[in-house]
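A short worksheet on the structure shown next.
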Amino acid sequence: MYRYDEFDQGFVRDRVAQFRDQVSRRLSGELDEAHFKPLRLQNGVYLQLHAYMLRVAIPYGQLSSVQLRTLADIADKYDKGYGHFTTRQNIQYNWIALKDIPDVLEQLATVEMHAIQTSGNCIRNVTSDQFAGAAADEIEDPRPWCEILRQWSMVHPEFAALPRKFKIAVTAAEHDRAAVRVHDIGLHMKKNAAGEIGFEVIVGGGLGRTPYIGVTIKDWVSQAELLDYLEAIMRVYNLHGRRDNKYKARIKILVNELTPEEFTRQVEAEYAAQRDHEKIALPQDEIDRIAAYFAPPAFETLPETSAAFEEAKAKDEAFAIWAEMNLQPHKVPGYTSVTISLKPLGIAPGDATSDQMRVMADIAKAYSFDDIRVTHIQNLVLAHVKLDDLYNVFLALDDAGLGAANVDHGSDLICCPGLDYCNLANARSIPVAMDIQNMLAPRDKELGKLHINISGCINACGHHHVGHIGILGVDKKGEEFYQITFGGRADEKATIGDIAGPGLKQEDVTPALARVVDRYMALRKSPDDAFIDVLEREGHDPFKEALYAAD
Amino acid sequence: MSSVRPKLKPAIPKVVTGWNTQTGRTVYLTAQEDWSEDIADAAVFTGDAADHALTFAEEDQTRVNDPYVTEVDENGQIAGREVLRETIRAKGPTIHPDLGKQAGNA
Ligand code: SF4
C-alpha cells in the first residue's frame, strides 16, 4: 500500500497542530460556532444528534492491520468501543468529544491516517473496487490511480471551494463493484483498440434528492492525459456549477441543465485550451513510482484447488455455506478474497466493536498479507487469503461474531445511520434494517442475490435509489413512513429504482417485503434466476401487487 | 442543515436545547441559566421568555452549540411533531439501549 513520504507526514502533522489551535480557540470562545464550523468540517468533524461525529478517511478503503488496530484503540479510548463503516469506505465514530479530537487526529497521524477530504465542498476521498489488485476479472489494479487522484485532489487549491462536495470512484473490472455510474465522476478502466489501458470517463451520476445515472462523456482517455482531462471537467463545474442553491449545486444538475452534449463540448473546449506548460501530462515514471507501492505481495505458487478447503467444507456445513457466499475469485491460483460481513443479526449494519476490529487485524496480519479493505456495502475484505487457510480464518471470524454468511444477499443490506444518530434524518433506518434481516437471514441461501438499501432521508447515504429494493424513510407529520423503490442497481447496468407507491408504516415494511420475496420465488424459473433479473423481465407490477397485498 | 427546526407558536411550552461545546452531548437550559444533560432539569418557557432564553443560549457560545427551542407539554415532557427525534436526542439511539443517557453513560 502507499506509504507516506516526509512531505505527507509533515503535512498531516501540521494540519493536526493547526486544528489543535482552532479547537482551543473554539473552546475558549475566541472562535464562535459559525466561524469554527467550516474549520471542523475540513477535519471531518460533524455535529450529530448525540455528539460530535468524526469521519476518518480510509483512502480507497484500504487498511493495514496496524491501522485497523489503531482505529480499535481510538474506539476504546475516545468513543464507546465501536465504529461504523460507511458507504464511502470510511469509518465514523459517533461519540467523540471535541476536546479529544486533536489527540485522536494525532494518533491517526502516527499510522498515516487523517480525516481530510471526508467533508466539505472539496473532492472527497476517492473510492474503488474493494477487490482491487486481487480480483480475477480486473484488467489492472486501479489503486495506483486512486492514489494518484488522491495526491492530485487533496487540498488542490483550485478545487478547495467547489459549489458542492465531489465524489470520484475508479474501477478496473467489467463488473462494476464501485458504483462508478452514480458518482460525480466515475472512471472505468478499459482498453482502447490498440490494447492500451485508459479510462472511460462518466460524469454527473449521483443519488440524493435528484438521482442521476452518470453519462459517458469520453469513451477513452489515456493515462498520461487523465489528470488534465479531469482538470478540464473540474474547471467547467467550478465555473458554472450553481452556488445559489445547495440542492442544485452538484455536477449532475449542471450536466443535465446544460445537456450532456453541451457539457461535453465545454469540457473539450476547456481541455483544448490548456496550454502545454499548464498541463500535468503525467509522466510514466511517476505512474510507475506510485504503482510500485501496490506491487503484488509474495504469493506462493499453489494449485487451483485445495484439498484442505474441500475437506473442511465436506465436514462443516456452516463453513461450506459461508464459503459459497463470502468468497470472491482471486487472480492468483490457490488464493481468494474473503468478505467479512458486518451484517450479523442484531447489530447495526456496518458497525464493528473494537475487539472485532482487533480480531480482523490479527487475521489480516496472519493470513492476508496485512491487507484489509472496506467496501461501500459496509463490509470488510481480506484481500488475499490462501484456500488452505480459509477454514482457520472462518473459525477465528465466527468466534468473534463475524461469521455471517450473506454477502450480496438480502440480509447483507446497506443501511445509513438514520434517525438513531443522524442530525439530518427524517426516520430511523437501523431498526427497519434489523427487522428485515431477521426475516431474510434464514432465507438468504434460498433467495439468492438481492440488494436492499435503506436511507433515513433523501440524502441517500444508504444508496436506496440503487437497491434492487430501496427503502427511504420519510416523516409524515411526525410519524415514520417508508417509501419502497424497485429495480435500482449500482453495477455496470446502473439504474435508479422506481417508487412503488404510497409509503408504508414501519411495522408494515418487513411483512410487505416478505410478500415481495415470496412473489419472486413464485416467478423465478430456476435458482439462478436472480431477483433483479426476474424484476426486469416480469416488470414491477407483480411485485407492487405483493407489496400492497396486506389483507 | 442542523438545527433548522420547525417554528413554534409563542403559546406552546418549550425547552431550549443544544449541544455541549466541549463534548457535543445533548444539553438543556435550566432555570438557573446552566446547562444539564438531563431533560428533567430543563426550564419550560413560553412567549417572550422563550425568545429571551434562546437569545441567552445563542450568546453562550463557549458552553453550547446551535441552540434551538423544542416543544414540550405542560409537564415538560417532549411533545409535538418532533417527539421521536427529540426523544432519541434525550435518551440515546433506540437500537442501543446500552448507550447514551438512557444507559446512564452519555
Ligand atoms: S441518508 Fe439522511 S439520515 Fe441517512 S445518514 Fe445520510 S443524511 Fe443521515
Side-chain angles (χ1 to χ4, degrees), chain A residues 23 25-37 40 45-54 79-82 94-101 246 346-349 351 415 417-435 475-480 506, chain B residues 1-6 8 12 17-28 37-39 54-55 57-68 70-73 78-106:
Chain A
V23 168
R25 286 190 287 144
R26 172 72 190 99
L27 295 178
S28 74
E30 213 180 307
L31 278 176
D32 63 14
E33 182 60 11
H35 289 91
F36 179 67
K37 187 173 175 183
R40 68 167 160 80
V45 183
Y46 290 73
L47 188 57
Q48 296 290 19
L49 284 186
H50 310 289
Y52 292 98
M53 179 269 274
L54 177 67
D79 206 89
K80 293 183 184 287
Y82 73 111
N94 292 311
W95 302 90
I96 294 272
L98 181 62
K99 61 181 174 48
D100 294 334
I101 291 177
K246 177 177 161 188
I347 302 291
D351 278 10
C415 175
L419 191 56
D420 280 298
Y421 293 100
C422 177
N423 203 13
L424 303 175
N426 283 327
R428 286 173 295 169
S429 41
I430 302 170
V432 178
M434 288 163 107
D435 205 35
D475 168 294
K476 265 198 200 168
K477 298 198 177 114
E479 212 187 325
E480 297 165 293
Q506 186 187 346
Chain B
M1 301 298 289
S2 64
S3 74
V4 178
R5 312 310 316 168
L8 297 176
I12 290 176
T17 180
W19 290 264
N20 178 303
T21 303
Q22 278 208 14
T23 62
R25 295 295 183 263
T26 309
V27 286
Y28 302 89
E37 290 191 9
D38 188 349
I39 193 170
L54 185 58
T55 306
E58 281 165 352
E59 285 166 5
D60 199 7
Q61 285 274 334
T62 53
R63 293 196 297 172
V64 74
N65 267 349
D66 292 355
Y68 62 96
T70 189
E71 184 169 347
V72 290
D73 63 17
I78 298 166
R81 245 198 90 132
E82 303 230 283
V83 169
L84 181 61
R85 172 193 153 92
E86 291 304 330
T87 305
I88 290 171
R89 281 186 77 239
K91 292 186 170 173
T94 60
I95 37 93
H96 257 306
D98 54 324
L99 297 179
K101 296 183 182 130
Q102 57 200 352
N105 66 354

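The sequence lines fix the lettering, A, B, ..., with proteins before strands; numbering per chain opens at 1.
Only the backbone of B:Val64 comes within less than 4.5 Å of a heavy atom in chain A; its side chain stays farther off. Only the side chain of A:Glu480 comes within less than 4.5 Å of a heavy atom in chain B; its backbone stays farther off. For A:Tyr52, the parts sitting under 4.5 Å from any heavy atom of chain B are the backbone and the side chain alike. Interface remark: A:Ile96 contributes backbone atoms only to the contact with chain B (heavy atom separation under 4.5 Å). Neither the backbone nor the side chain of A:Met53 comes within less than 4.5 Å of any heavy atom of chain B.
For B:Arg81 and A:Glu479, the salt-bridge test fails: no basic side-chain N is under 4.0 Å from an acidic carboxylate O.
For the pair A:Cys415 and A:Ile430, the minimum side-chain heavy-atom distance is below 4.5 Å.
Taking A:Leu31, A:Leu98, A:Leu49, A:Val23 one by one and counting their heavy-atom pairs under 4.5 Å with chain B, the maximum is reached by A:Leu49. With chain B as partner, the option from A:Arg26, A:Glu30, A:Lys99 having the largest number of non-hydrogen pairs under 4.5 angstrom is A:Arg26. For chain A, the option among B:Thr26, B:Asn65, B:Val83 with the highest count of heavy-atom pairs below 4.5 Å is B:Asn65. In terms of heavy-atom pairs under 4.5 angstrom with chain B, the leader among A:Ala427, A:Gly418, A:Ala348, A:Pro431 is A:Pro431.
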Working for side-chain hydrogen bond (donor to acceptor under 3.5 Å, both in side chains), residues A:Asn423 and B:Arg89: CA-CA 9 Å; A:Asn423 203 13; B:Arg89 281 186 77 239; 5.7 Å; no
Might you work through the side-chain hydrogen bond (donor to acceptor under 3.5 Å, both in side chains) test for A:Trp95 and A:Tyr421, ending with a clear yes or no? CA-CA 10 Å; A:Trp95 302 90; A:Tyr421 293 100; 4.8 Å; no
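For B:Thr23, the side-chain hydrogen bond (donor to acceptor under 3.5 Å, both in side chains) test picks out B:Asn20, with sequence neighbours left out. Applying the side-chain contact (heavy atoms from CB on, under 4.5 Å) rule to B:Val72 yields the partners B:Pro13, B:Val15, B:Val44; only residues at least two apart in sequence or on another chain are considered.
Counting only N and O atoms by type, the side chains of B:Arg63 and B:Gln22 include no donor and acceptor under 3.5 Å apart.
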